[in-house]
Amino acid sequence: MASRLYALGRWAVRRRGRFTAVWLLLLAVVGGLGITVHGKVASDFTVPGIESQQAQDLLEAKFPAAAGGVIRVVYAASAGSTLTAPRAEAAVEAGLAKAAGISGVVQVTDPFRTKALSADRRIGYADVRFRQGAADVTQESKDACPVRWPRPGTPACGWSTAGRP
């Protein structure tokens, strides 16, 4: 075996130009096939018969609004303030009203009513529930969610998607 490997190495060195060209051609062919013959990318994953899939199917059948995707909007008060301060609370409420107007939104939770505030009342969150699954929420809808970066005197907020892909 070692003698054959040595012979192959010696042959490759003697014909290094041809050897390199063959490897580059092989790499180009495999890359080209990978680009043109690839399968369809899917983000939907189901395993029939398992309990969590049965629960998700039941939600979709009986409570379609609860089976949709969720964007969690997280609010953080500026330094030295709380979300319950009048100015911050008004900004949060305005953001929630804007989120409720987004196409496909079926429910927006209020962090003040659901008590989704930290103990020091500086951080809170609201869930924006969509009719469709998380993977089907359009980028346009995600971009319309109220997101601001910290500015003095205003709460900062951001979002993340959750729910079934």
Side-chain angles (χ1 to χ4, degrees), residues 1 23-79 81-85 87-151 154-165:
M1 182 70 184
W23 273 109
L24 289 175
L25 178 66
L26 183 63
L27 181 65
V29 167
V30 169
L33 285 173
I35 291 171
T36 59
V37 187
H38 66 81
K40 183 178 176 186
V41 178
S43 62
D44 191 20
F45 181 75
T46 59
V47 180
I50 64 170
E51 291 176 6
S52 61
Q53 183 65 50
Q54 291 170 350
Q56 187 64 37
D57 293 342
L58 181 64
L59 273 177
E60 287 176 358
K62 302 291 183 183
F63 305 101
V70 175
I71 291 180
R72 177 159 287 170
V73 182
V74 179
Y75 293 93
S78 56
S81 183
T82 66
L83 289 177
T84 54
R87 185 174 175 185
E89 190 169 348
V92 170
E93 294 293 341
L96 297 177
K98 182 180 177 185
I102 297 171
S103 175
V105 170
V106 294
Q107 179 188 25
V108 178
T109 63
D110 185 334
F112 303 109
R113 291 189 187 139
T114 60
K115 308 248 189 278
L117 298 171
S118 63
D120 63 359
R121 300 190 181 281
R122 293 202 63 238
I123 298 173
Y125 68 89
D127 289 335
V128 180
R129 186 169 302 279
F130 286 82
R131 186 175 302 110
Q132 63 271 37
D136 299 324
V137 174
T138 64
Q139 188 61 42
E140 185 178 311
S141 293
K142 291 176 187 176
D143 291 342
C145 255
V147 176
R148 284 192 310 275
W149 299 111
R151 283 183 268 157
T154 62
C157 66
W159 57 264
S160 66
T161 58
R164 181 177 158 193

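As a basis for the values below, the full set of heavy atoms in this structure was taken, side chains included, without hydrogen atoms, waters or symmetry mates. Note that the structure is a prediction, hence the values are computed from the model and not measured.
Listed by chain and residue number, Leu83, Thr84, Pro111, Phe112, Arg121 satisfy the side chain to side chain contact (heavy atoms under 4.5 Å, CB included) test with Leu117 (two or more places apart in sequence, or in another chain). Leu33 is linked by a side chain to side chain contact (heavy atoms under 4.5 Å, CB included) to Val29, Val37, counting only residues two or more places apart in sequence or in another chain. For Ile35, there are no side chain to side chain contact (heavy atoms under 4.5 Å, CB included) partners two or more places apart in sequence or in a different chain.
Between the OG atom of Ser118 and the OH atom of Tyr125 there is a distance of 11.5 Å, given to the nearest 0.5 Å. Here the NZ atom belonging to Lys115 is positioned 10.0 Å from the CG atom belonging to Asp110, to the nearest 0.5 angstrom. Taking NZ of Lys98 as the start and CD of Glu93 as the end, the distance is 15.5 Å to the nearest 0.5 Å.
Thr36 places a side-chain N or O within donor-acceptor distance of the main-chain N or O of Gly32, the cut-off being under 3.5 Å. A distance-only check finds a donor-acceptor pair linking the side chain of Arg122 to the backbone of Ala77 [under 3.5 Å].
Taking every heavy atom of both residues into account, Thr109 and Leu96 meet most closely at O-CD2, 3.8 Å. A pairwise comparison of heavy atoms in Ile123 and Asp120 identifies N-OD1, 4.4 Å as the closest pair.
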